[in-house]
Amino acid sequence: MAAAYRSVVSGWARAAGLVAAVGVYVWRAWPSLWTTVDDAWISARYAAQAAAGNGLVYNAGEPPVEGTTNTLWTLWLVVGHRLDVAPETWMVGSGLAFGALTVVLAGLLAGALAPGTPGVAVLAAALVALDVHHAVVSTNGLESAMFHAALLGSAWAALVAPGRALWVAGALAGLLATVRPEGAALGLVAVGLAATREDVGPRGLLPVLGPLVAAVVALTLWRLATYGALVPNTLAAKAYKPTGALLWANLAYLRPDGGFWGMAALLGLLGLWAGRRDPRRWVLAVGALAVVVVASRVVLWMPGGRLLVPALLLATVGVVSGATTRFGALVAGLALAGSLAAPFTSVEATVRRLDRNHSVRIWNGAAVAGRFLSRRLPAGSWLAVRDAGVLAYFVGTEVRVAELHERALTRPHPGGAAADVLGYTPVAPEVVALTQRTAEDPGFAYSLDREIFERLDVPYVYVGRVSQHYRRYYDLYVRADLGVRWIPPEIVVSRAGPAPPR
């Protein structure tokens with residue numbers, strides 16, 4: 001009777017601890033709820049086109065190009081459009097919900113790895129909740145939190161689901177593979193964890209492996225049929241630099257926050273050593289290493305080390321679940337001490353600053369200008385702009401967008417070649433947006449902007465410069481024959497741009 005009572009009390013205490021951890025996470029995520037990254041609006045534009053009946057394309061009526069790496073997330077945004085929920089509310093709200101679910105799943109996974117150690121689940125959830133990186137990336141409008149929840153959810157189900165219910169782990173692993181391309185590999189974490197169970201033989205792994213393989217095959221066949229490619233176009237657009245150049249670029253970007261990642265890696269290795277006799281922790285470690293390898297192949301420009309956070313989650317669970325020995329408890333204690341101190345260190349300030357600098361407020365000048373122009377541009381008009389996100393989304397699905405970038409996500413890169421910007425951009429697009437870095441910069445910040453602008457051969461009206469976010473301003477030029485002579489004056493920050501052709 002006493003043992004049963006203690007079990008009930010322990011269960012309620014764990015539940016209360018997980019709820020408290022979710023509260024901490026919401027508090028940590030709160031400062032980021034009012035902003036998104038520009039790239040989130042690329043996925044939103046694909047979703048808007050699909051909701052309008054044009055398919056998952058960037059420009060309606062053009063050969064489709066897969067300019068996203070988050071198929072399931074983009075389809076989830078289509079649901080938001082169908083429900084007529086404001087896209088920023090749907091993106092950020094969904095990220096917050098999946099982020100909270102990730103906190104709970106981190107606790108449940110750690111508890112499954114160390115069922116006899118009270119407090120392990122709450123400790124793992126608390127460490128994830130306190131981490132500023134998780135808070136920032138889960139609410140930036142992209143698929144990160146959905147990916148994290150699917151990763152930890154599939155791993156947890158692989159450990160606790162009864163034999164016949166292991167298909168749940170496989171289904172979640174399959175969903176993971178459709179959220180981001182590397183999910184196909186990370187889905188094997190669930191397979192590996194299921195393989196460590198004594199009650200699951202080789203044939204018992206089929207319910208986990210089968211749905212994962214089926215999802216990968218189905219997604220690949222769909223991609224071939226829709227885009228004529230085996231992998232997303234974004235991989236060719238982003239992974240074009242030599243390994244050495246990518247390594248140095250990423251190290252330079254992570255350097256201000258590098259101390260954190262170095263300490264996290266060290267604690268992860270110490271935690272692995274503490275639980276080295278447990279094959280389940282080796283599975284988590286291999287998964288974390290796979291995350292790092294994949295992240296090293298693209299430029300990590302987004303705040304919060306977005307592509308590295310899954311490795312951090314797996315390492316956190318591995319470290320905390322190893323607190324069954326004195327050495328493991330010491331490592332977990334160090335992790336907790338570091339997490340409690342982090343909000344008061346330069347790590348916090350650095351991550352928050354980078355998040356502010358690389359994010360856009362929901363009602364920024366570019367969004368307002370896009371809405372304004374969408375009501376005045378005829379269907380089939382062209383907007384030429386370097387960034388494929390905010391301004392391109394808000395001009396609407398009936399306006400075609402030419403991305404003025406050599407590594408344009410929405411244009412093909414056969415063999416990794418640069419996009420043919422001058423070839424696909426019309427000579428006289430209805431709207432040209434020159435990208436500037438400050439409110440008063442004259443001239444041109446980018447050579448492609450200059451080339452597109454200098455070949456314009458019809459009159460244009462310069463309606464002013466608007467702000468999107470830190471170091472992102474747009475000089476807007478509208479073709480004179482459209483009769484648009486102004487934009488809302490409250491969003492015009494200056495008229496410092498080059499004089500238009502007349």
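What you see is a predicted model; the values in this text were computed from it and never measured.
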*Close side-chain approach of Val385 to His405, heavy-atom, < 4.5 Å*: no

*Does His413 offer a backbone N or O that forms a donor-acceptor pair with the side chain of Asn233 under 3.5 Å?*
yes

*Determine whether Trp90 and Val79 make a side-chain contact, defined as any pair of heavy atoms from C-beta on separated by less than 4.5 Å.*
yes

*Apply the side-chain hydrogen bond (donor to acceptor under 3.5 Å, both in side chains) test between Arg45 and each candidate in Asn59, Thr68, Thr397; give the one that qualifies.*
Asn59

_Test item: Phe260 and Thr350 side chains (from C-beta on) under 4.5 Å apart, heavy atoms_ = no

*Sub-6.0 Å ring centroid separation between Phe147 and Trp73*: no

_Thr425 versus Ala384, closest heavy-atom pair with distance_ = CG2-CB, 4.1 Å

_Heavy-atom side-chain proximity of Val137 to Met302 below 4.5 angstrom_ = no

*If you measure from NE2 on His358 to CZ on Arg356, what distance do you get to the nearest 0.5 Å?*
12.5 Å

_Atom CH2 of residue position Trp282 - does it have more than 12 heavy atoms of other residues, nucleotides or ligands inside 6.0 Å?_
no

*Identify the two heavy atoms, one from Val136 and one from Ser32, that lie closest to each other, and give their separation to 0.1 Å.*
CG2-OG, 3.9 Å

*What orientation do Tyr25 and His134 show, parallel under 30°, tilted 30 to 60°, or perpendicular over 60°?*
tilted

*Aromatic rings His81 and Tyr393: how do their planes relate, parallel, tilted or perpendicular, breaks at 30° and 60°?*
tilted

*Name the one of Asp449, Asp475, Asp441 that satisfies side-chain hydrogen bond (donor to acceptor under 3.5 Å, both in side chains) with Gln436?*
Asp475

_Any donor-acceptor pair under 3.5 Å from Arg465 side chain to Ala439 backbone_ = yes

*First locate atom CG of Leu113, then atom CH2 of Trp156, and finally report the distance between them rounded to the nearest 0.5 Å.*
12.5 Å

_If you count every heavy atom of other residues, nucleotides or ligands that lies below 6.0 Å from Trp222 atom CH2, does the total exceed 12?_
yes

*Measure from the side-chain N and O atoms of Arg28 to the backbone N and O of Leu130, and report whether any donor-acceptor pair falls under 3.5 Å.*
yes

*Under 4.0 Å between a Lys/Arg side-chain N and an Asp/Glu carboxylate O for Arg223 and Glu66?*
yes

*Centre of Tyr446's six-membered ring, under 6.0 Å away, within 45 degrees of the axis: is that where NZ or CZ of Arg437 sits?*
yes

_Checking the side chain of Asn250 only, and the main-chain atoms of Val298 only, is there a donor and an acceptor separated by less than 3.5 Å?_
yes

*With the side chain counted from C-beta on, respond yes when Val431 and Leu383 share a heavy-atom pair under 4.5 Å apart, and no when they do not.*
yes

_Under 3.5 Å: donor-acceptor pair, side chain of Arg450, backbone of Ser447_ = no

*Out of curiosity, Arg297 CZ to Leu247 CG, how far, rounded to the nearest 0.5 Å?*
10.0 Å

*Can any side-chain N or O of Asp355 pair as donor or acceptor with the backbone N or O of Pro303 at less than 3.5 Å?*
no

*Go through the steps to decide whether Trp273 and Leu270 satisfy the test side-chain contact (heavy atoms from CB on, under 4.5 Å), and finish with yes or no.*
CA-CA 5 Å; Trp273 176 256; Leu270 291 175; 5.6 Å; no

*Test applied, side chain to side chain contact (heavy atoms under 4.5 Å, CB included); reference residue, Glu143; option that passes from His148, Arg306, Met91*: Arg306

*Any sub-3.5 Å donor-acceptor pair from Tyr58's side-chain atoms to Ala388's backbone N or O?*
yes

*For the side chain of Arg281 and the backbone of Ser321, is there at least one donor-acceptor N/O pair under 3.5 Å apart?*
yes

*Which distance, rounded to the nearest 0.5 Å, do you find between the OG of Ser144 and the CE of Met146?*
11.0 Å

*Measure across Gly287 and Val189 and return the closest heavy-atom pair with its distance rounded to 0.1 Å.*
CA-CG2, 3.9 Å

*Show the numbers, then the answer: is there a salt bridge (Lys or Arg N to Asp or Glu O under 4.0 Å) between Arg361 and Glu88?*
CA-CA 10 Å; Arg361 292 199 171 273; Glu88 57 272 16; over 6 Å; no

*Separation between CG of Leu314 and CG of Leu151, rounded to the nearest 0.5 Å*: 5.0 Å

*Parallel under 30°, tilted from 30 to 60°, perpendicular over 60°: which one fits the rings of Phe98 and Trp76?*
perpendicular

*Are side-chain heavy atoms of Val128 and Leu152 found at a separation under 4.5 Å?*
no

*Minimum heavy-atom separation for Ala145 to Gly99, with atom names?*
CB-N, 3.5 Å

*Within the side chain of Glu406, is there an N or O that forms a donor-acceptor pair under 3.5 Å with the backbone of Ala417?*
no

*Which heavy atom of Ser154 sits nearest a heavy atom of Ala190, and at what distance?*
O-CB, 3.6 Å

*For Gly389, does its backbone N or O pair with a side-chain atom of Asp39 as donor and acceptor, under 3.5 Å?*
no

*asked:* Using side-chain heavy atoms (C-beta onward) and a distance below 4.5 Å, is Leu56 in contact with Thr74?
replied: yes

*Shortest non-hydrogen contact from Ala496 toward Glu440*: CB-O, 3.7 Å

_Do Leu307 and Val291 make a side-chain contact, defined as non-hydrogen atoms from C-beta onward lying under 4.5 Å apart?_
no

